[in-house]
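Keep in mind it's a predicted model, so treat the numbers as computed, not measured. Within every chain, numbering begins at 1; the chains are lettered A, B, ... in the order of the sequence lines, protein sequences first and strands thereafter.
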Amino acid sequence: MKYLLQRLAFYLVTAWAAITINFLIPRLMPGDPVQALIARFQGQLDTSAIASLKALFGLDKHQSIWQQYTDYWGHLLDGDLGLSFTFFPTPVSEVIAQSLPWTLALVGITTLISFVLGTGIGVFTGWRRGSWMDSLLPVTTFISAIPYFWLGLIAISLFAVKWPLFPAAGGYDNSLVPAFDWPFISSALYHGVLPGLTIVLSAVAGWILGMRNMMVTVSSEDYVMVAQAKGLSERRVMFGYAARNAILPNISGFALSLGFIVGGTLLVEMVFSYPGIGYQLFQGVGAKDYPLMQGVFLIITLSVLAANLLADVLYMILDPRTRREA
Amino acid sequence: MAVTAPEVAVLATADTPAPSKRRFRFLRGRKTVIGLGILLFFVLIAVIGPWIAPYDPDTMGKELLQPPSGAHWFGTTQTGQDVLSQILVGTRGVLVVGFTAGILATILSVLIGVSAGFLGGTADEVLSLLSNVFLVIPGLPLIIIIASFVSDAGDLLIATVIALTSWAWGARVLRAQTLSLRRRDYVEAARATGESTWRIILFEVMPNLTAVIASGFVGTVIFAILSEITLAFIGVADISNWNWGTVLFWAQSNQALAQGAWWWFVPAGLCIALLGMSLALINFGIDEFVNPRLRTETGGSRKVRMRVGFTPVARATDKAGARGRHDKETRS
Amino acid sequence: MSEQLEKNHVVLEARGVTKHFAVRRTGRDLLAGKRRTVHAVDDVSLTLRRGTVTALVGESGSGKSTVARLLAQLYPLTEGEIHLGGKPVKAGRGRSFRSYVRRVQLIFQDPFASLNPVHTVRYHLTRALKIHGRAGSGEAELEQNLTALLNRVQLTPPHQYLDKFPHELSGGQRQRVAIARALGADPQVLLADEPVSMLDVSIRLGVLNLLKDLKDRMHLAILYITHDIASARYFADSTLVMYAGRIVEGGDSETVTQRPAHPYTQLLIASAPDPDRVVAEAEQEETGSGEPPSLIAPPAGCRFHPRCPKAMERCRTELPPRFDLADGQWAACWLYADGRAADHEKEAAK
Amino acid sequence: AGCSSANSNANKGGSAASGILTLGKPDGPQTNNSNPFLSTSAGATLGYRYMIYEPLAMTSQIRPADKADPWLATSWKWDLNFTKVTFTLDDKAKWADGKPLTAEDVAFTFNLLKKHPALNGNGIAFGGVEVQGKKVVLTFDDSQYVNQNKIIQQFIVPKHIWEGVKNPETWPNRTPVGSGPYKLKTFTPQTTTLTATPTYWKGATKVKELRYSTYNDNSAATTALAGGKLEWSFVFMPNYKQLYIAKDPKNHKLWFPSGLGIHGLWFNTARKPFDNPALRKAMAMVVDRNAIYTQAEATLYPEITNPTGIPLPAGKSFIAPEYKNATTKPDVEGAKKILDKAGFTLSGGVLKDPSGKPVKLTFTDPAGWNDYITGLAIIKDNIKKLGIEAKVKTQTAEAWGADVANGNFDATLHWTNSGATPYDMYQNIMDGALLQPIGKASQLGNFGRFKNTEATEALKDFASATTDTARITAMNTLQKIMVEQAPMIPTAAAPIGAEYSTKNWVGWPTEADPYADPQHTQPSSLEVVLKLKPSK
Amino acid sequence: MSEPVLSISGLNVDYGTGDDAVHALRDIDLTLHRGEVLGLAGESGSGKSTLAYAVTRLLSPPGVITGGEVRYHQRGGEALDLLTLSAPELRAFRWQELSIVFQGAMNSLNPVHTVHSQLTDVLQAHRPEMKRAQRTARAEELLKLVGISADRLGAYPHQLSGGMRQRVMIAMALALEPEIVIMDEPTTALDVVMQRQILRQLVKLREELGFSVVFITHDISLLIEFSDRIAIMYGGRIVEEAGSSDIYRDPRHPYSDGLLHSFPALHGPRRELSGIPGSPPHLSAMPAGCAFHLRCAKKVEGCDTHVPVLAAPDGDSSRSVACWLHREAPAAARA
Ligand SMILES: Nc1ncnc2c1ncn2[C@@H]1O[C@H](COP(=O)(O)OP(=O)(O)OP(=O)(O)O)[C@@H](O)[C@H]1O
Ligand SMILES: Nc1ncnc2c1ncn2[C@@H]1O[C@H](COP(=O)(O)OP(=O)(O)OP(=O)(O)O)[C@@H](O)[C@H]1O
Ligand SMILES: [Mg+2]
Ligand SMILES: [Mg+2]
């Protein structure tokens with residue numbers, strides 16, 4: 001039991017430390033939310049509104065950081081993330097709930113696609129080493145080095161403006177409301193194509209390279225040689241032996257990257273006006289919206305921890321060696 | 001007596017990293033050479049960029065938003081600034097931040113990762129916890145926040161912040177590597193000889209991590225450069241310091257692409273991609289050096305397709321044939 | 001006479017040395033609340049004398065290397081004591097550890113792994129000399145000492161080897177460098193952990209001859225660990241046989257190999273490949289079936305009893321103590337509980 | 001079942017035939033919050049609160065001197081030196097749920113503001129609120145001359161709904177009911193759709209549906225505008241002629257008039273040598289406002305041509321006689337003379353202050369506010385001619401905001417408040433009553449620590465004056481101080497602009513017919529929407 | 001002597017292509033007879049494994065077969081040139097006719113598949129007509145054959161001890177009852193007790209099934225004890241080949257002689273151990289002439305210039321040796 005408790009304690013301490021840092025950092029920033037709000041309106045909001053906003057956000061009463069910290073934990077343990085300043089008085093949980101699914105869907109699906117695609121291509125390039133596929137490598141390195149906001153903007157200017165094949169902005173058509181019906185889902189998919197493509201394009205290279213290298217390494221393992229010697233079909237050897245083993249490190253990398261999905265891809269969301277959580281966080285940072293920042297950080301932290309756990313579990317399932325029995 | 005030992009040679013290439021004479025052997029790969037070539041080019045630009053820049057990048061000229069021409073190779077901006085000069089001058093900032101962050105993060109990750117791996121026990125627990133916390137904390141937002149901490153977000157500050165948020169991964173990898181090295185016989189042997197712990201870490205363990213550290217360093221540099229450019233692009237970093245990110249920032253906030261001014265937007269992005277690619281290629285070279293199985297280049301001129309499990313049969317034509325004939329002669 | 005005394009003087013002694021390793025526990029253990037350990041070495045006593053080679057043989061995983069590392073103070077003891085020159089020593093750090101390793105040096109099993117690939121021969125040897133204050137003063141003296149060291153392990157001419165990296169040397173040469181490094185401390189005891197198992201047939205002999213030579217010339221006490229019992233016969237003065245963490249038999253090498261007393265030793269000898277084997281394959285008795293025991297939950301009583309063809313009832317429950325036989329031979333086996341059985345056994349062996 | 005039909009009758013894009021108008025700007029995703037009092041609500045951010053809640057009277061910022069149009073109130077009367085106002089309500093006015101809109105509702109609204117300072121965004125000190133039949137009487141302790149427009153344009157909320165709200169400060173008001181012609185149809189973070197109420201008390205509207213969209217950044221909004229996806233917006237765009245107009249020259253229109261708010265270079269007058277008015281004035285004389293207008297502001301922020309900083313034509317009636325025809329042509333020689341007279345010396349291209357120290361300064365502004373940064377770059381270029389070396393430093397918006405409030409800057413481009421008279425902007429710049437020591441945050445204004453009793457007095461006089469002549473005198477004094485002392489160099493007027501398309505809808509306010517502020521987040525956007533009709 | 005089952009002639013193998021190529025096998029001529037155990041010995045790096053893998057073209061890159069022939073003689077009598085088979089033909093041939101137990105059984109089993117799946121997938125590939133249940137039954141049978149209880153079928157390799165894994169590999173090699181089994185150092189990782197158990201089992205099986213074995217090991221004593229015939233390799237060539245007792249009692253090649261004088265014997269009188277001086281040459285820097293001449297005590301004129309050919313010494317046709325000691329002088333040979 002002790003080991004399990006130790007592991008759990010480790011995760012808890014990590015979570016505690018991360019959450020505390022997440023709490024402190026926004027508060028160490030200069031400026032305050034009201035000022036940020038005023039600045040956002042650049043003159044269209046009178047300075048006379050300052051007093052009312054301070055009263056609104058409850059910033060007129062001074063609290064020590066420690067007091068705020070204990071309050072924060074108190075509320076957190078009640079499941080209350082507080083009210084966002086930027087969207088006052090919308091609860092942070094609601095802001096997150098409305099933007100998280102978009103990020104999860106876009107980044108989740110594209111992460112999955114790039115993982116599957118990259119791993120697949122990686123399997124073949126690794127297996128057929130020395131064939132023409134090796135010439136894919138420099139291309140992929142080049143693509144992987146392109147910052148994806150740049151790629152996204154180029155994509156917009158080409159495929160949304162020059163040849164208007166895809167919408168340039170948004171997560172769905174403005175005439176629709178989110179619902180589980182065909183018009184909405186098809187529109188969401190259609191809007192997701194361009195941002196999705198840029199993410200896939202810039203992320204896929206990493207998976208290809210990783211998988212290829214693992215494939216090459218594993219291909220010279222004895223058990224692959226044995227499989228060849230056994231006269232098994234090429235498919236069986238390639239997938240059942242080489243890829244099956246080579247994929248292990250990629251799988252845990254994949255699980256970890258699932259954790260970072262929640263962090264969103266700020267830049268893609270920004271460039272494509274995508275209603276996801278990454279942009280929301282960016283706005284929160286700009287507006288010094290402590291509750292929102294903390295809330296998003298919390299979600300990210302927890303999901304990264306969860307992804308770590310998932311990676312452990314996945315590895316355990318896929319690699320019998322880690323499944324030790326007595 | 002000739003001191004050559006075949007079995008030794010195989011082992012040496014298989015898993016022993018970098019004996020110093022061969023330490024630079026990774027330079028032999030074609031990828032590495034191309035990567036280093038591009039990198040050197042950019043380093044050169046970083047050094048002499050401000051001198052060879054044809055214009056002051058800040059100076060607003062009369063020719064507004066002109067496409068590339070003889071006078072302005074990369075065209076001009078909305079305010080008549082010379083894009084080429086901005087990119088030339090901006091190279092230094094990119095490389096300074098990238099390498100400073102890379103060096104700082106590498107130092108941090110080595111300090112923490114190697115100590116954690118080698119010391120074990122409570123020290124390991126604490127240090128692993130530390131790196132895990134830093135892994136879990138969302139990186140880019142943290143950089144954005146810390147960068148806005150200090151009113152004057154200069155290059156070095158940005159680099160430091162990037163380093164602070166990016167060392168954890170390397171520390172984790174190094175810890176794992178160190179853990180496996182710690183159990184190696186030669187480390188134990190050094191201990192049995194009576195070496196002190198710090199000497200073992202410094203002189204027995206660390207040199208064997210060179211390749212891992214190097215590839216971690218290159219990875220961090222890529223990450224740092226992309227982060228810096230991203231920060232500049234979203235306007236968090238100091239916009240008055242020229243770097244490729246600021247060029248992109250100005251281009252984007254003036255909607256260069258929509259205005260058809262591709263020359264303002266495209267070159268900086270390509271430079272980033274090229275630099276990133278060069279670093280990735282170098283990293284590749286290091287990987288191949290560490291794990292020779294990954295090498296793709298086949299030295300020979302003869303085109304024999306290697307295929308796992310089906311050894312090619314290339315019946316002697318040129319040299320091997322000559323040798324075969326020679327052997328036969330001796331035999332008869 | 002005094003030479004003789006000097007020669008058999010006990011330098012290093014292990015008394016009831018025990019080492020248990022904690023095992024990473026599985027989920028099931030956690031639920032059961034069990035704390036499991038590997039009983040790698042249990043109650044091992046041995047003495048190393050000047051100018052003699054003591055062989056320690058036994059199957060893979062029987063704890064031979066662990067004994068060596070315990071003697072080199074690389075692991076803390078779970079129980080027991082180690083005496084150096086008659087005085088008990090405590091596993092320490094820093095200075096006390098250094099003064100210990102100056103007198104007791106360990107040569108690792110694998111010459112391919114025990115030299116750091118990034119350092120030259122010169123570095124390895126210089127460090128060994130410097131740590132133990134034997135580098136001399138000045139470059140010239142150091143060079144002289146290095147040369148002497150290499151000469152002693154017959155790596156001649158020395159200058160050819162000094163600046164080589166390990167990967168540029170053959171296995172035998174590497175093993176010699178490892179030995180030279182150990183000699184750099186000018187120790188009284190050499191613990192050689194399977195010094196030849198990784199080497200080629202043709203190189204092995206050179207290393208073993210070197211060890212023998214060192215023993216003769218420098219009166220080193222050498223612990224020679226191996227599972228090649230034939231080489232123990234050739235190179236060791238006395239031989240100890242280990243099984244599952246315990247020493248089960250000991251004595252003069254020739255006696256132990258030619259007239260093994262413990263059923264395990266007998267099995268070992270019977271299994272060793274031998275081109276001169278006279279007994280036809282089919283006639284051999286079917287001994288040695290079954291797997292080596294788990295060290296996490298070692299069998300009660302004699303650890304060999306599950307595989308022993310001569311197992312008796314008391315073997316299952318009672319741990320056999322040492323029973324002394326003729327010619328300084330002893331065995332931990334109930335067969336020899338009364339002297340007659342032993343005599344009988346010896347008769348049979350003849 | 002309700003879900004599956006949610007989008008079944010959705011139709012794409014705006015068109016006159018469908019009666020849809022698409023509008024919006026780059027505000028980022030919104031949350032479902034239609035509380036009109038909160039500037040953080042979607043209703044306020046997107047501006048649709050004015051389609052639901054109507055004001056007592058409709059004012060215009062671009063025509064501040066004109067009389068407001070009656071709306072819920074048919075008339076209003078200021079008494080007793082602007083300490084009392086009486087509203088007479090329109091009988092016809094009624095709420096969207098059919099209930100009549102009464103004086104009770106008006107009184108309730110003002111009482112709500114009085115009771116909840118957090119909702120009182122204009123910070124008006126309300127006194128008594130009294131219902132007299134169809135009339136509502138408000139009384140105040142001080143003259144509300146400068147706040148008069150803010151008071152009469154107050155929108156009114158229904159008492160029968162709001163009186164049941166426990167805490168109006170945190171009430172998201174998800175199904176807003178107002179007296180206006182539209183009601184909320186659907187809300188999504190990306191788009192808010194309003195649909196026309198057929199029973200609107202002023203009669204049916206032509207625009208049947210308003211679709212407010214948000215974008216994450218300017219370029220996305222610009223793309224949408226250029227592609228015709230967005231018909232009415234307010235986006236700052238460089239080179240709008242190419243990016244927007246050229247895409248459909250016939251229909252794509254843009255009008256950026258200004259009110260009485262400006263942007264300008266604020267000096268920290270508590271720092272040497274910027275405490276020297278001669279230096280400030282000289283610098284003001286060399287700034288090339290036209291370059292700022294064309295290069296930094298892409299000709300969207302109206303140029304300030306009058307040295308008093310009052311934007312024209314909005315503030316035409318306020319300009320003092322001596323500045324009626326003054327212009328702001330850069331005058332390097334004149335500036336040099338002034339400096340010379342004040343004891344500054346120019347040697348080797350470096351200006352030295354009377355104590356012999358070279359004049360140097362650092363401009364600061366948030367990184368990413370590129371019109372400001374470009375403006376600073378231009379000013380830097382301009383003052384170089386006087387031998388002044390300037391550096392442009394960017395900060396994060398937060399750090400900059402704190403530094404400006406604390407007086408920790410040399411000079412910075414910043415905006416002013418705006419109002420019905422130039423009082424708001426001058427008060428923001430020069431009011432000694434707002435003065436805070438350096439290091440203590442001065443959030444309400446006077447970031448430059450401008451200390452001038454004459455100015456402070458004049459401001460006070462203007463606000464509390466009982467006669468127009470007294471006001472004019474005070475206003476003239478303020479203008480004189482602004483020109484002579486230059487506590488801040490005006491660089492551009494704050495526009496209340498909009499881009500709009502006449503493809504589907506016509507009837508937009510134009511320079512020729514400035515019947516309302518063209519921006520869709522302004523109260524008068526309701527006037528615009530009511531005036532729109534299909535183009536064919 | 002019975003009929004041949006595998007004959008290798010003039011086999012050459014390179015590692016790498018072009019100028020960096022290492023010539024690992026040189027003109028190997030070797031015949032394996034039906035039902036015999038052929039031992040292969042030699043120093044580490046002498047090319048034993050390379051030879052074993054080259055036969056079925058399993059050399060991993062950058063290995064290239066640059067010449068020679070490998071003929072497999074089917075029971076009917078028809079010979080098959082393995083080096084000309086296409087990939088599908090080769091796949092069908094492998095394991096069906098020739099199986100290999102690789103050096104280091106620890107890594108030869110796929111760690112992520114169960115023993116069951118690794119035993120049955122070979123059946124699935126070569127005996128598609130077999131039902132699932134039949135395959136499982138066969139797998140159980142095979143495990144029992146090598147002395148492992150059938151309930152370990154579901155185990156993963158890491159759950160088995162080294163000896164068990166080794167035996168699983170042997171069971172797998174016998175799954176299709178092939179004609180030839182190549183065993184590359186199948187017992188190095190095991191201790192002597194286990195080693196003897198396994199080999200004893202193997203001998204028994206060979207008697208039952210009648211396959212031929214190529215047995216590779218460093219351990220000369222073991223080799224002599226277990227094999228019928230022994231080939232000694234040095235520097236990529238076979239230097240001597242003879243019946244095992246012939247080699248033991250009367251080695252003709254100086255290298256074989258050195259080998260036999262390098263290991264101590266457990267029984268009998270203490271022998272003089274002389275060993276072999278020097279260290280083996282590197283493949284990429286082979287000395288001219290006989291590869292062994294630098295270490296050879298019995299070097300004669302011509303050893304350093306001319307490569308000796310493997311041939312019967314002194315007219316004894318049952319064995320062959322490649323050494324100038326047993327042939328006319330090289331100068332004469334040339335003439
Ligand atoms: N650090 C350790 N932690 C846990 N168990 C250990 C450790 N070191 C050794 N053991 C276990 O102790 C037992 C004895 O190991 P040891 O290495 O001493 O055997 P050995 O006789 O040297 O074997 P070999 O002949 O294979 O070298 C083995 O079961 C091994 O698994
Ligand atoms: N991939 C490779 N590239 C280059 N040379 C190789 C490669 N693999 C093997 N060799 C060389 O080929 C020679 C023969 O190797 P092989 O593995 O056949 O030796 P071996 O006799 O089986 O040795 P061991 O007894 O150590 O298994 C060695 O000298 C080795 O250095
Ligand atoms: Mg051992
Ligand atoms: Mg081999």
- Task: Looking only at non-hydrogen atoms, find the nearest pair between D:Gly28 and A:Gln283 and report the distance.
- Result: CA-NE2, 4.1 Å
- Query: With a 4.5 angstrom heavy-atom cut-off, which part of A:Ala55 approaches chain D: side chain, backbone, both or neither?
  - Reply: both
- Item | Largest heavy-atom contact set with chain A, pairs under 4.5 Å, which of D:Ser39, D:Ser219, D:Ser41 | D:Ser39
- At a heavy-atom separation under 4.5 Å, does D:Lys247 approach chain A through its side chain, its backbone, both, or neither? neither
- Message: Using a 4.5 angstrom heavy-atom cutoff, name the option from D:Leu38, D:Asp217, D:Asn32 with the most pairs to chain A.
- Response: D:Leu38
- Query: Which pair of non-hydrogen atoms, one from A:Ser52 and one from D:Gly121, has the smallest distance, and what is that distance?
  - Reply: OG-CA, 3.5 Å
- Message: Less than 4.5 Å apart, side chain to side chain, heavy atoms only: is that true for D:Thr40 and A:Phe57?
- Response: yes
- Message: Quick check on D:Asn35 against chain A: is it the side chain, the backbone, both or neither that has a heavy atom closer than 4.5 Å?
- Response: neither
- Between the main-chain N or O of D:Gln190 and the side-chain N or O of A:Tyr172, is there a donor-acceptor pair closer than 3.5 Å? yes
- Given a strict heavy-atom distance threshold of 4.5 Å, which part of D:Gln30 is in contact with chain A: side chain, backbone, both, or neither? both
- Task: Let me know if D:Asn120 has heavy atoms under 4.5 Å from chain A in its side chain, its backbone, both or neither.
- Result: backbone
- Item | D:Thr223 portion near chain A, given a 4.5 angstrom heavy-atom threshold | side chain
- Going from CG on A:Leu56 to CG on D:Leu119, what distance comes out if it is rounded to the nearest 0.5 angstrom? 7.0 Å
- Per-residue contact mode, A:Ala168 against chain D (heavy atom under 4.5 angstrom): side chain
- Query: So which heavy atom on D:Thr188 is nearest to which on A:Leu176, and how close?
  - Reply: CG2-O, 3.9 Å
- Task: Select one option (side chain, backbone, both, neither) describing which atoms of D:Asn428 are under 4.5 Å from chain A's heavy atoms.
- Result: side chain
- Item | Pairwise distance OG1(D:Thr191) to CG(A:Asp173) - rounded to 0.5 angstrom | 8.0 Å
- Partner chain A: residue of D:Pro172, D:Ser213, D:Gly24, D:Gly123 with the largest heavy-atom pair count (under 4.5 Å): D:Ser213
- Has the side chain of D:Asn216 got a donor or acceptor atom that lies under 3.5 Å from a matching backbone atom of A:Phe272? no
- Query: Given a strict heavy-atom distance threshold of 4.5 Å, which part of D:Asn147 is in contact with chain A: side chain, backbone, both, or neither?
  - Reply: neither
- Within residues 85-92 of chain A, which positions have a heavy-atom distance to chain D below 4.5 Å? A:Phe85, A:Thr86, A:Phe87, A:Phe88, A:Pro89, A:Thr90
- Checking A:Glu94 side chain against D:Thr31 main chain: does a donor-acceptor pair fall under 3.5 Å? no
- Quick one: what part of A:Tyr274 sits under 4.5 Å from any heavy atom of chain D, side chain, backbone, both or neither? backbone
